[in-house]
Student: 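Before I ask anything, let me first share the structure, which is written out below as structure tokens.
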Amino acid sequence: MASFWEYANPRKFMSVSGALLPWIWGIAALCLAVGLVWGFFFTPNDFRQGSTVKIIYVHVPSAIMAVNAWFMMLVTSLIWLIRRHHVSALAAKAAAPVGMVFTVIALVTGAIWGQPMWGTWWEWDPRLTSFLILFLFYLGYMALWEAVENPDAAADLTAVLCLVGSVFAVISRYALVFWNQGLHQGATLSLDREQNIANVFWYPLVTALAGFGFLFLALVLYRTRTEIRARRLKALIAQERMA
């Protein structure tokens, strides 16, 4: 059996990811289409929130993926710091813009959902505030990659920043556990069956969440492949200049 670390080889990664990407794109498109159409058009309105509850099919998956994207960056950054595999550093770099977009979607849809429920577009609620800080960490992470010219030094510095930002990723995920106060509702998806939403909303939501997850995976693989090609191109240009 091939070792897991063999996939850290750029050639191996490009070969395997190239074969998997069409399937991942297809699964993502199928899950998103089924989950969103099912959720928006074939579920009832909530007895309290009316039709506004259907924004849950975008807000909840995007919020979950925004946090999980940072955790994925944390894992790949640790692999870089420990094993010095360039593909892991490039994967973390590739995931940052995707995670940032999911964070923006979560913040915007949360504001749209919260306005009729809370009577305000924004509240300094623990979870909302931690998500805003997480968004700023995403921006700082990407800016640091661009500011440092040496790619290995940039990978080292951004890995440290990722470790620090993980504190706010944890807070964003578990803010409702840490603080009881705040306007934000309890967990929509939980291991505790009693806290989950009704099945009529739960099934399409899980399907949409799977679609968001596969979409994230496809985007990260695609962007990582682009980063590898860009690094190869820079190396070729440097060799030509040396010659």
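This one's a predicted model, so the numbers in the text were calculated from it and none came from an experiment.
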Student: Side chains of Leu132 and Leu128: does their closest heavy-atom pair fall under 4.5 Å?
Tutor: no
Student: Has Ser15 got a side-chain atom pairing as donor or acceptor with Arg11's backbone, closer than 3.5 angstrom?
Tutor: no
Student: A side-chain contact here means heavy atoms from C-beta on lying under 4.5 Å apart; do Ile56 and Trp113 qualify?
Tutor: yes
Student: Of Phe131, Tyr138, Phe216, which meets ring pair (Phe, Tyr, Trp, His ring centres under 6.0 Å) against Trp70?
Tutor: Tyr138
Student: Out of curiosity, Ile64 CD1 to His59 NE2, how far, rounded to the nearest 0.5 Å?
Tutor: 9.5 Å
Student: Is there a side-chain contact (heavy atoms from CB on, under 4.5 Å) between Val58 and Leu36 once you walk through the steps?
Tutor: CA-CA 8 Å; Val58 176; Leu36 295 180; 4.2 Å; yes
Student: Rounded to the nearest 0.5 Å, what's the gap from CD1 on Ile228 to CG on Leu233? Could you check?
Tutor: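 Ile228 CD1 to Leu233 CG: 14.0 Å, rounded to 0.5 Å.
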Student: About how many Å separate CE of Met73 and CG of Leu78, when rounded to the nearest 0.5 Å?
Tutor: 11.5 Å
Student: Could you report the tightest heavy-atom contact between Ser88 and Thr76, atom names first, then the distance?
Tutor: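 Looking at all heavy atoms of both residues, the shortest contact is O-CB, 3.3 Å.
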Student: Would you say Val98 and Leu215 make side-chain contact, with heavy atoms under 4.5 Å?
Tutor: no
Student: Decide yes or no for Ser17 and Thr224: does some side-chain heavy atom of the first lie under 4.5 Å from some side-chain heavy atom of the second?
Tutor: no
Student: Using the rule that two of Ile, Leu, Val, Met, Phe, Trp, Tyr join whenever any of their side-chain heavy atoms come within less than 4.5 Å, decide whether Leu209 and Phe41 are in one cluster.
Tutor: yes
Student: Determine the minimum heavy-atom distance between Pro97 and Arg223, stating which atoms define it.
Tutor: CG-NH2, 3.3 Å
Student: Under a 4.5 Å cut-off applied to non-hydrogen side-chain atoms, are Phe214 and Leu32 in contact?
Tutor: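 No, every pair of side-chain atoms sits at 4.5 Å or beyond.
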Student: Are any non-hydrogen side-chain atoms of Phe137 and Val164 less than 4.5 angstrom apart?
Tutor: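 Yes, close enough: below the 4.5 Å cut-off.
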Student: Do the side chains of Arg232 and Pro10 get nearer than 4.5 Å, heavy atoms only?
Tutor: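 Side-chain contact under 4.5 Å: yes.
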Student: Ignoring hydrogens, what is the shortest heavy-atom contact between Leu134 and Ala66? Give both atom names and the distance.
Tutor: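 Closest heavy-atom pair between Leu134 and Ala66: CD2-O, 4.2 Å.
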Student: Tell me whether Trp23 shares a hydrophobic cluster with Leu221, the cluster being built from Ile, Leu, Val, Met, Phe, Trp, Tyr side chains joined at under 4.5 Å.
Tutor: no
Student: What is the distance from atom CG of Leu236 to atom CZ of Arg229, rounded to the nearest 0.5 Å?
Tutor: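 Here the rounded value is 13.5 Å.
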Student: Please report the shortest heavy-atom distance between Tyr141 and Cys162, naming the atom on each side.
Tutor: CE1-CB, 4.2 Å
Student: Assigning hydrophobic clusters by single linkage (Ile, Leu, Val, Met, Phe, Trp, Tyr; side-chain heavy-atom cutoff under 4.5 Å), is Val160 placed with Ile133?
Tutor: no
Student: Assess whether side-chain contact (heavy atoms from CB on, under 4.5 Å) is satisfied between Leu219 and Trp25, documenting all intermediate values.
Tutor: CA-CA 9 Å; Leu219 289 171; Trp25 281 118; 3.6 Å; yes
Student: Is it true that Phe40 and Val108 fall in one hydrophobic cluster, defined by side-chain heavy atoms closer than 4.5 Å?
Tutor: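 Both belong to a single hydrophobic cluster.
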Student: Of all heavy-atom pairs between Ala91 and Val220, which one has the smallest distance, and what is that distance?
Tutor: O-CG1, 4.2 Å
Student: Honestly, is Arg84 close enough over Trp80, meaning NZ or CZ under 6.0 Å from the six-membered ring centre and within 45° of the axis?
Tutor: yes
Student: Could you tell me the separation between the OH atom of Tyr203 and the OG1 atom of Thr207, rounded to the nearest 0.5 Å?
Tutor: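 One gets 10.0 Å once the value is rounded to the nearest 0.5 Å.
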Student: Working to the nearest 0.5 angstrom, can you tell me the gap between Asn68 CG and Phe212 CZ?
Tutor: 13.0 Å
Student: Might you work through the side-chain contact (heavy atoms from CB on, under 4.5 Å) test for Leu21 and Arg225, ending with a clear yes or no?
Tutor: CA-CA 11 Å; Leu21 260 178; Arg225 290 167 59 85; 3.6 Å; yes
Student: If two hydrophobic side chains count as joined below 4.5 Å and joins carry through other members, does Ile82 share a cluster with Leu161?
Tutor: no
Student: Short question: side chain of Trp38, backbone of Thr43 - any donor-acceptor pair under 3.5 Å?
Tutor: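 Looks like no, no N/O pair under 3.5 Å.
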Student: Contact between His86 and Asp152 at the side-chain level, heavy atoms closer than 4.5 Å - yes or no?
Tutor: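 Result yes, sub-4.5 Å side-chain heavy-atom pair found.
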Student: List the steps, then state whether side-chain contact (heavy atoms from CB on, under 4.5 Å) holds for Val53 with Asn45.
Tutor: CA-CA 7 Å; Val53 72; Asn45 293 338; 5.7 Å; no
Student: How close do Pro44 and Phe201 get, counting heavy atoms only, and between which atoms?
Tutor: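 Here Pro44 and Phe201 meet closest at O-CE2, 3.2 Å.
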